[in-house]
Amino acid sequence: MRTPMTIADFLDRAEWGFRNSPGVVDEPHQPAAPVPETTYGRFAERVRAWQAGLDALGVGEGERVAVASHNSARLLELLFAVPMSGRVCVPVNFRLKPEEVAYLVEQSGSSVLLVDPELDAALSDIKVRHRFVLGAQTETELMRFGVEPRPWSNPDEDGTATINYTSGTTARPKGVQLTHRNIWVNGMTFGLHTRVWERDVYLHTLPMFHCNGWGMPYVMAGLGVKQVALRKVDGTEILRRVEEHGVTLMCGAPAVWNMVLDAAATWAGEIPGRDRVRIVCAGAPPPTRTIQRVEEELGWEFIQLYGLTETSPLLTINRTRPADVDLPAEERARKLSRAGVPALGVTLKISDAGEVLARSNTVLDGYWNKPEETAEALEDGWFHTGDGGTFDEADGHLTISDRKKDVIITGGENVSSIEVEDTIFSHPAVAEVAVIGVPHEKWGETIKALVVLAEGATAQEADIIAHCKRHLAGYKAPTSVEFRDSIPRTATGKIQKFKLRQPYWTGLDRGVN
């Protein structure tokens, strides 16, 4: 027997087995009235009300429904409601400028746009057939409670469930088509590797718009896990909710955990969740110092993930192995900074050019209306990640050396900006760092470090360079250091290096020399 694997499977199990169990706790501090805390039974009823409302609008199967919202119970509901009815959900980064949101809505061909009240004025000029503000308007004018929605006429696991736009670190965002099968396999595999079970409590520190919250909303529902929405990432607020709700699992970029570490320094009393919380980190290889501090200062387990929007996102996972438990803390942290071992069902290899290639049931179906980009990304039956990497022959762990375009070639030597960043970050005065290549008449490119100092700390350019030369080969040390107040990042925590490089390469024909 073969039945289609669709997102409905997760909610069906939640409603069947956990109807009266705590389901979703909405963000209390938001411009819309929060959804009252729901059981999974009530959550399923609200999902059907969304579907019946879209039916009444005449939104057909295959049509796209865009949602621009901060984390909230309503966004979580729509991540289920829209694709479960054969439509396509388009979660939009709420931090984008209006013209960028307009591009995503137009490029996806969305017929419906749902916006957070805080974004209402800014996004008022976007042209779309149906537009609603999440909250009172959608509760009364769109949702149809007590009305049975039409069923999806032909459930198809290969049908597009969501279109998730890339963060645009190198070019205009592309719409990643994730199928029900992609999401199903990712969710189940993610749940297996992070050992999710019914007694977990999940805090949405990760933006739900980003690759559908890495697919965690689905597996959490399927396993009856209580989900708590967090609208704004704040270190103290995360600690408070860990304490209040008994949170056991969270996901996020390194910047999130740095905020928690900062907040923990002034937290009154014992850090909540010690020896109970596990966090999953991705978005950029975290500095070993951050990993060590999480485990020592917070007492939380650190799990490293590598993946991309195009892979739903899980490709590798890295947890401390039993054999490594008794290693010195710094050595354990160093091992955890690697991307990890391929997840179940994932095949990886390194191309002759040093690029990480992947095959998996979680790899995208294609880029929306971009056949040439799709063919390039899936050339020869492998997904081309754009990341450079190597495998540790001793234990099979993948280490990401750099984005291909971020490798700095100076004097004929390839230098990983990630390696240099990790070394600079180990300097006690450094809070943030980005390393880029800038043009040099003799060497082609040379290494520049952009550094944000920790509050109250001082350091000079010579200090940073000397620190690098003590720990790295001389040619890997930066030749210049520029101190800044901040470093621009995407909503998912990625440093936008193309923006950092741009001023130094203006007027040149190429971005390498």
Side-chain angles (χ1 to χ4, degrees), residues 233-236 238-239 252-268 270-271 274 279 281-302 304 320 327-338 399-402 406 408 415-436 446-489 493-495 497 500:
V233 174
D234 175 87
T236 300
I238 289 172
L239 288 171
V256 175
W257 314 124
N258 281 323
M259 292 172 69
V260 175
L261 287 167
D262 289 343
T266 57
W267 181 264
E270 184 178 352
I271 299 298
R274 183 172 291 276
I279 64 170
C281 183
T288 54
R289 193 177 85 190
T290 296
I291 298 172
Q292 186 175 346
R293 290 185 63 201
V294 165
E295 299 210 323
E296 291 184 336
E297 298 176 24
L298 302 178
W300 296 354
E301 181 186 1
F302 186 96
Q304 172 73 351
T320 295
L327 290 175
E330 186 175 355
E331 178 64 13
R332 285 201 316 274
R334 186 192 65 78
K335 287 195 167 192
L336 281 172
S337 68
R338 299 176 297 174
T399 295
I400 299 299
S401 56
D402 225 326
D406 290 337
I408 301 166
V415 177
S416 165
S417 66
I418 291 174
E419 181 184 14
V420 181
E421 286 166 355
D422 193 52
T423 299
I424 294 174
F425 194 81
S426 68
H427 190 289
V430 175
E432 287 187 85
V433 59
V435 168
I436 59 173
T446 190
I447 302 167
K448 174 180 280 291
L450 308 176
V451 171
V452 177
L453 293 177
E455 187 174 354
T458 59
Q460 303 299 318
E461 179 181 58
D463 300 329
I464 303 298
I465 294 173
H467 176 77
C468 288
K469 288 184 175 180
R470 282 195 296 270
H471 297 280
L472 296 171
Y475 71 89
K476 295 182 179 181
T479 57
S480 63
V481 177
E482 184 178 314
F483 295 99
R484 294 194 171 190
D485 294 331
S486 63
I487 293 173
R489 295 176 182 269
K494 296 178 182 178
I495 295 174
K497 290 191 176 178
L500 298 178

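Side-chain atoms are counted along with the backbone in the values below, which use heavy atoms only and exclude waters and symmetry mates. Start at 1 with the first residue, then count along the sequence.
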Minimum heavy-atom separation for Thr446 to Ile408, with atom names? O-CG2, 4.4 Å
Is it the case that over 12 heavy atoms from other parts of the model lie below 6.0 angstrom from the CD atom of Glu330? no
Report the C-alpha separation of Phe483 and Ile464 in whole Å, then their side-chain angles, then the decisive distance to 0.1 Å, and conclude whether the side-chain contact (heavy atoms from CB on, under 4.5 Å) test is met. CA-CA 11 Å; Phe483 295 99; Ile464 303 298; 4.3 Å; yes
Nearest 0.5 angstrom please: Glu297 CD to Leu261 CG, how far? 5.5 Å
Distance in Å, Ser337 OG paired with Lys335 NZ, rounded so as to fall on 0.5 Å steps: 11.0 Å
From Thr290 OG1 over to Asn258 CG, what is the distance, rounded to the nearest 0.5 angstrom? 4.0 Å
Suppose the criterion is side chain to side chain donor-acceptor pair (under 3.5 Å): which pairs have a residue in residues 448-471, not counting sequence neighbours? Ser426-His467, Lys448-Ser480
Mark yes or no for whether Thr399, through its side chain, and Arg338, through its backbone, hold a donor-acceptor pair below 3.5 Å. no
Mind listing the closest non-hydrogen atom pair of Pro254 and Ala282 along with its distance? CD-O, 3.5 Å
Taking all non-hydrogen atoms of both residues into account, name the closest pair between Cys281 and Gln304 and its distance. O-OE1, 3.2 Å
Taking every non-hydrogen atom, the tightest pair across Glu295 and Leu336: OE2-CD1, 3.8 Å
To the closest 0.5 Å, what do you measure between CG (Asp234) and CG (Leu239)? 9.0 Å
Residues that Arg332 engages under side-chain hydrogen bond (donor to acceptor under 3.5 Å, both in side chains), provided they are two or more places apart: none
Spacing of CG belonging to Leu453 relative to CG belonging to Asp485, to within rounding of 0.5 Å: 9.5 Å
Any side-chain heavy atom of Glu419 sitting closer than 4.5 Å to one from Leu472? yes
Checking side chain to side chain contact (heavy atoms under 4.5 Å, CB included) against Trp257, which of Ile279, Ile291, Asp262 comes through? Ile279
Quick one about Lys497 and Ser417 (side-chain donor to acceptor, distance below 3.5 Å, no hydrogens or angles considered), yes or no? yes
Nearest heavy-atom contact between Ile424 and Pro478 is CD1-CG, 4.3 Å
For Arg289 and Pro428 the tightest heavy-atom approach is NH1-CA, 3.6 Å
For residues 429-436, which side-chain donor-acceptor pairs fall under 3.5 Å, sequence neighbours excluded?
| unit_1 | atom_1 | unit_2 | atom_2 | d |
| --- | --- | --- | --- | --- |
| Glu432 | OE1 | Arg489 | NE | 3.1 |
| Glu432 | OE1 | Arg489 | NH2 | 3.1 |

With rounding to the nearest 0.5 angstrom, report the CZ to CG distance, Arg484 to Leu500. 6.0 Å
